[in-house]
Amino acid sequence: MPSRVDYRYFVPITTRWMDNDVYGHVNNVVYYAYFDTIANRFLIEKGGLDIHAGPVIGLVVNSQCRYREAVAFPDQLDGGFRVNRVGSSSVEYGLGIFKAGQDRACASGTFTHVFVERETRKPAPITGRLREALLAACHN
């Protein structure tokens, strides 16, 4: 499992009571919501993506998650973000979920966006500020 040094950007995540399932830990589907939140915070804050009115949007075409250690409400978490690969219109992110103060990820995964024109849904090249932000977050 990756450690904090493997990521370039972090987002605090507050678990919620409703995140826990009947087994007393955060349900696996919630990790995907965390991943989505982490990636989109990066895209908005660093890449300048306008999710409401911009001409380009990102569509998820692939995702996966590996689990190492359970988390549960009221754990305080940090979501780690990096870029694994940037193509002309797609990007694969690497994401990690960390308990506050821990160096090793409790869960890690990938999430792939294809950027498309909002109206036509045709692939759109990643350019400008967004491309610069993604390249700056690349993991070597």
Side-chain angles (χ1 to χ4, degrees):
M1 287 302 242
S3 65
R4 287 180 183 268
V5 298
D6 296 316
Y7 297 92
R8 305 291 181 258
Y9 172 83
F10 288 88
V11 173
I13 299 171
T14 302
T15 57
R16 305 166 303 171
W17 175 252
M18 67 184 266
D19 294 344
N20 284 3
D21 61 19
V22 297
Y23 302 112
H25 62 264
V26 169
N27 189 272
N28 62 309
V29 300
V30 177
Y31 288 82
Y32 288 94
Y34 294 160
F35 287 175
D36 201 25
T37 297
I38 297 162
N40 281 293
R41 285 272 306 267
F42 177 87
L43 295 171
I44 293 164
E45 291 177 10
K46 301 293 184 184
L49 187 68
D50 181 351
I51 61 170
H52 298 293
V56 173
I57 60 172
L59 300 178
V60 176
V61 297
N62 190 36
S63 62
Q64 63 89 24
C65 184
R66 291 175 297 157
Y67 307 95
R68 181 182 71 85
E69 178 185 348
V71 299
F73 175 84
D75 287 338
Q76 293 296 312
L77 308 173
D78 295 314
F81 175 91
R82 69 180 184 219
V83 172
N84 293 338
R85 182 194 61 78
V86 179
S88 59
S89 62
S90 66
V91 58
E92 180 187 270
Y93 313 118
L95 300 131
I97 304 298
F98 298 84
K99 285 186 182 177
Q102 288 188 350
D103 187 52
R104 289 277 172 213
C106 298
S108 65
T110 62
F111 191 94
T112 303
H113 263 153
V114 171
F115 287 91
V116 299
E117 296 172 3
R118 180 183 297 275
E119 298 302 320
T120 66
R121 297 298 200 259
K122 291 182 180 179
I126 302 169
T127 61
R129 179 179 169 193
L130 179 58
R131 185 168 201 77
E132 290 172 13
L134 294 170
L135 290 173
C138 278
H139 177 66
N140 297 332

Notebook entry, point to check: Is it true that Glu69 and Arg104 make a salt bridge, defined as a side-chain N closer than 4.0 Å to a carboxylate O?
Noted result: no
Checklist line | Salt-bridge contact Asp78-Arg4 (side-chain N to carboxylate O under 4.0 Å) | finding: yes
Nearest 0.5 Å please: distance from the [atom1] atom of [X] over to the [atom2] atom of [Y].
{"X": "Asn84", "Y": "Cys138", "atom1": "CG", "atom2": "SG", "value": "8.5 Å"}
{"X": "Leu59", "Y": "Ser90", "atom1": "CG", "atom2": "OG", "value": "12.0 Å"}
{"X": "Asn40", "Y": "His113", "atom1": "CG", "atom2": "NE2", "value": "5.5 Å"}
{"X": "Ser63", "Y": "Tyr32", "atom1": "OG", "atom2": "OH", "value": "5.0 Å"}
{"X": "Arg82", "Y": "Thr110", "atom1": "CZ", "atom2": "OG1", "value": "9.5 Å"}
{"X": "Leu43", "Y": "Ile38", "atom1": "CG", "atom2": "CD1", "value": "12.0 Å"}

Note to self: Measuring centre to centre across the rings, with the benzene-like ring taken for any Trp, is Phe81 within less than 6.0 Å of Phe42?
What the structure shows: yes
Notebook entry, point to check: Would a line drawn from the ring center of Tyr31 to the ring center of Tyr67 be shorter than 6.0 Å?
Noted result: yes
Say whether [X] and [Y] are linked into one hydrophobic cluster, either directly or through other cluster members, by side-chain heavy-atom distances under 4.5 angstrom.
{"X": "Val29", "Y": "Tyr23", "result": "no"}
{"X": "Val114", "Y": "Ile51", "result": "no"}
{"X": "Met1", "Y": "Phe35", "result": "no"}

Next item on the list: Give the intermediate values and the outcome of side-chain contact (heavy atoms from CB on, under 4.5 Å) for residues Asp19 and Asn27.
Entry: CA-CA 6 Å; Asp19 294 344; Asn27 189 272; over 6 Å; no
Taking the side chain as every heavy atom from C-beta outward, state whether [X] and [Y] have any pair of such atoms under 4.5 Å apart.
{"X": "Thr112", "Y": "Tyr93", "result": "no"}
{"X": "Lys46", "Y": "Leu130", "result": "no"}
{"X": "Gln76", "Y": "Thr14", "result": "yes"}
{"X": "Ile126", "Y": "Phe115", "result": "yes"}
{"X": "Asp6", "Y": "His139", "result": "yes"}
{"X": "Ile57", "Y": "Val116", "result": "yes"}
{"X": "Tyr34", "Y": "Leu95", "result": "no"}
{"X": "Val71", "Y": "Leu77", "result": "yes"}

Margin query: side-chain contact (heavy atoms from CB on, under 4.5 Å), that's the test. Do Asp36 and Phe111 meet it? Break it down for me.
Written below: CA-CA 8 Å; Asp36 201 25; Phe111 191 94; 3.3 Å; yes
Taking the side chain from [X] and the backbone from [Y], do they hold a donor-acceptor pair closer than 3.5 Å?
{"X": "Arg118", "Y": "Gly54", "value": "yes"}
{"X": "Asn20", "Y": "Phe73", "value": "yes"}
{"X": "Asp50", "Y": "Ala53", "value": "yes"}

Next item on the list: Evaluate the side-chain contact (heavy atoms from CB on, under 4.5 Å) criterion for residues Val91 and Val83: first the C-alpha distance (whole Å), next the side-chain angles of each, then the deciding distance (0.1 Å), finally the verdict.
Entry: CA-CA 7 Å; Val91 58; Val83 172; 3.7 Å; yes
Check: Remaining members of Phe10's ILVMFWY cluster at a side-chain heavy-atom cut-off under 4.5 Å?
Finding: Tyr7, Phe98
For [X] and [Y], which heavy atoms make the closest approach, and how far apart are they?
{"X": "Ala107", "Y": "Cys65", "result": "CB-SG, 4.1 Å"}
{"X": "Gly24", "Y": "Ala72", "result": "O-CB, 3.4 Å"}
{"X": "Leu134", "Y": "Val86", "result": "CB-CG2, 4.1 Å"}
{"X": "Ser89", "Y": "Pro123", "result": "OG-CB, 3.9 Å"}

Notebook entry, point to check: Are there more than 12 heavy atoms of other residues, nucleotides or ligands under 6.0 Å from atom NZ of Lys99?
Noted result: yes
Checklist line | Pair Arg68, Ser108: side-chain N/O donor-acceptor within cut-off below 3.5 Å | finding: no
